[in-house]
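Each remark here refers to the structure printed beneath this line.
In listed order, ligands and their atoms are each counted from 1.
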Amino acid sequence: MFSDTLIEKLNSASNVVALTGAGASAESGIPTFRDPDGIWKQFQPGELASMEGFRRDPIRVQAWYTARRETVLEAEPNAGHFALVRLEQRVPNFTLISQNVDGLHARAGSVCLLELHGSLLDSICSECGKDSEPFDVAVDAEQPAKCECGGLLRPTVVWFGEMLNPSILERAWSAAAEADVFLSIGTGAEVHPAASLPLVAADNGAYVAEINPRRTAITGIVNEEVSAPAGIALPAIVNALTAPVT
Ligand code: BV8
Ligand code: ZN
């Protein structure tokens with residue numbers, strides 16, 4: 001499933017970075033975006049995960065995020081999430097960069113976590129920016145959920161066409177540039193700027209391993225393909241590491 005080289009590199013690494021995408025939550029029952037049964041197969045990204053789509057049909061977008069939040073709150077972190085927590089405890093400097101907005105890494109106990117695309121668990125007002133209780137909107141609702149100021153409530157995620165939080169992106173970029181080992185886990189590596197992070201790591205000499213049952217946009221540039229689900233590969237990789245030097 002994986003090489004001795006990967007284990008040797010992880011055993012001797014100072015800086016390890018993991019980038020996760022929707023595939024890391026697949027074994028928790030959360031649909032991915034671009035797999036055959038993925039979310040984007042039913043909807044166009046621009047329709048639902050963009051300010052234009054939100055303005056065009058706020059009830060539809062709020063109902064979509066309400067349904068996704070309910071799915072996520074019923075889900076549990078999987079063995080891959082927990083293996084990343086063990087890896088974080090095992091290596092000197094570990095940074096987990098996630099594109100996922102489901103909060104499962106935090107629930108599993110990951111500490112050094114950069115949520116590049118925000119979180120669907122929280123809501124804010126799209127006009128005054130005030131934090132709000134999560135909205136709960138059904139697709140047949142008469143009215144969209146609004147703030148006291150009258151502004152529409154939205155999830156605290158980064159939509160297509162929106163800038164990522166500059167300081168979070170900066171921290172992710174420098175972690176990738178300093179990585180000795182970079183693990184790209186469960187991402188199709190199609191969404192930018194996240195998809196550039198494995199390339200930044202590779203350009204700076206990191207050993208890049210991809211953990212994904214399928215090939216992706218970056219499979220051609222990685223040092224190692226671990227063609228297995230994250231929930232199987234990650235625990236096996238962490239179990240293969242030598243015990244930390246105490
Ligand atoms: C921005 C939050 C500046 C919302 C999301 C440069 C080049 C090209 C395009 C662009 C570019 N710069 C900007 C763009 C446009 C755009 C973009 O990248 N478009 C793509 C589609 C071409 N990017 C943006 O708009 C970004 N903003 O750059 O700002 C700017 C500003 C104004 C104008 C221009 C530029 C913002 C991007 C963030 C969008 N928000 N999510 C929400 O989730 O509701 S992105 C969304 O996609 C999720 O975050 C998701 O995580 C992410 C990436 O998808 P993946 O995670 O990779 O999921 P996917 O389904 O694709 O793949 C799953 C993989 O898992 C598969 O490979 C599968 O094989 C694997 N898998 C399945 N099961 C398992 C598994 N792996 C392991 N184990 C398993 N069990
Ligand atoms: Zn408001």
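When each of Trp159, Trp64, Tyr65 is tested with Phe54 by the rule ring-ring contact (aromatic ring centres under 6.0 Å, His included), just one qualifies, namely Trp159.
Asp136 and Thr66 are not linked by any side-chain donor-acceptor pair at a separation below 3.5 angstrom, with hydrogens and angles left out of the test. If you check the side chains of Gln99 and Thr20, you find no donor sitting under 3.5 Å from an acceptor. When only modelled atom types and interatomic distance are considered, Thr5 and Glu224 share no side-chain donor-acceptor pair under 3.5 Å. Asn165 and Arg171 form no side-chain donor-acceptor contact under 3.5 Å, judged by distance and modelled atom types alone. For the 3.5 Å distance criterion, the side chains of Ser25 and Asp102 qualify, holding a donor opposite an acceptor.
Below 4.0 Å from some heavy atom of Glu162 lie the following atoms of ligand 1, by number and element: 1 (C), 26 (C), 27 (N), 29 (O), 36 (C). Within the listing of ligand 1, atoms 28 (O) sit less than 4.0 angstrom from a heavy atom of Pro193. When each atom of ligand 1 is checked for a heavy atom of Arg214 under 4.0 Å away, the hits are 68 (C), 69 (O). The contact set between ligand 1 and Thr32, taken as ligand atoms under 4.0 Å from a residue heavy atom, comprises 60 (O). Taking every heavy atom of Asn100 and a limit of under 4.0 angstrom, the matching atoms of ligand 1 come to 51 (O). Against a heavy-atom cut-off of under 4.0 Å, Glu27 is close to the following atoms of ligand 1: 78 (N), 79 (C), 80 (N). Short contacts between ligand 1 and Gly186, defined as distances under 4.0 Å to a heavy atom of the residue, involve ligand atoms 63 (C), 64 (C), 65 (O), 76 (N), 77 (C). Per-residue contacts place Gly21 under 4.0 angstrom from the following atoms of ligand 1 (heavy atoms of the residue considered): 56 (O).
Counting only non-hydrogen atoms, the option in Tyr65, Trp64, Trp159 that gets closest to atom 36 (C) of ligand 1 is Trp159. Closest to atom 32 (C) of ligand 1 by heavy atom, among Pro31, Ser184, Gly161, Pro229, is Gly161.
Contacts of Thr187 with ligand 1, taken as heavy-atom pairs under 4.0 Å, involve both backbone and side chain. Contact annotation for Ala22 and ligand 1: heavy atoms of both the backbone and the side chain come within less than 4.0 Å of the ligand. Using a 4.0 Å cut-off between heavy atoms, Arg68 contacts ligand 1 through its side chain alone, with no backbone atom that close. Residue-level proximity to ligand 1 for His192 is carried by backbone and side chain together, each with a heavy atom below 4.0 angstrom.
Going from atom CG of Leu96 over to atom NE2 of His105 covers 4.5 Å, rounded to the nearest 0.5 Å. Between atom CG of residue Asn223 and atom CG of residue Leu6 there is a gap of 9.5 Å, rounded to the nearest 0.5 Å. Taking CZ from Arg215 and OG from Ser227, the interatomic distance works out to 8.5 Å, rounded to the nearest 0.5 Å. Taken from OG1 in Thr219 to CD in Glu210, the straight-line distance is 3.5 Å, to the nearest 0.5 Å.
For Glu88 (side chain) and Val111 (main-chain N/O), a donor-acceptor pair under 3.5 Å exists by modelled atom type.
When only interatomic distances are considered, the shortest N/O to N/O separation between Ala230 and ligand 1 falls below 3.5 Å. At least one N/O-N/O distance between Val158 and ligand 1 falls below 3.5 Å.
The Zn ion (ligand 2) forms the vertex of an angle spanning SG of Cys147 and SG of Cys128; to the nearest 10 degrees it equals 110°.
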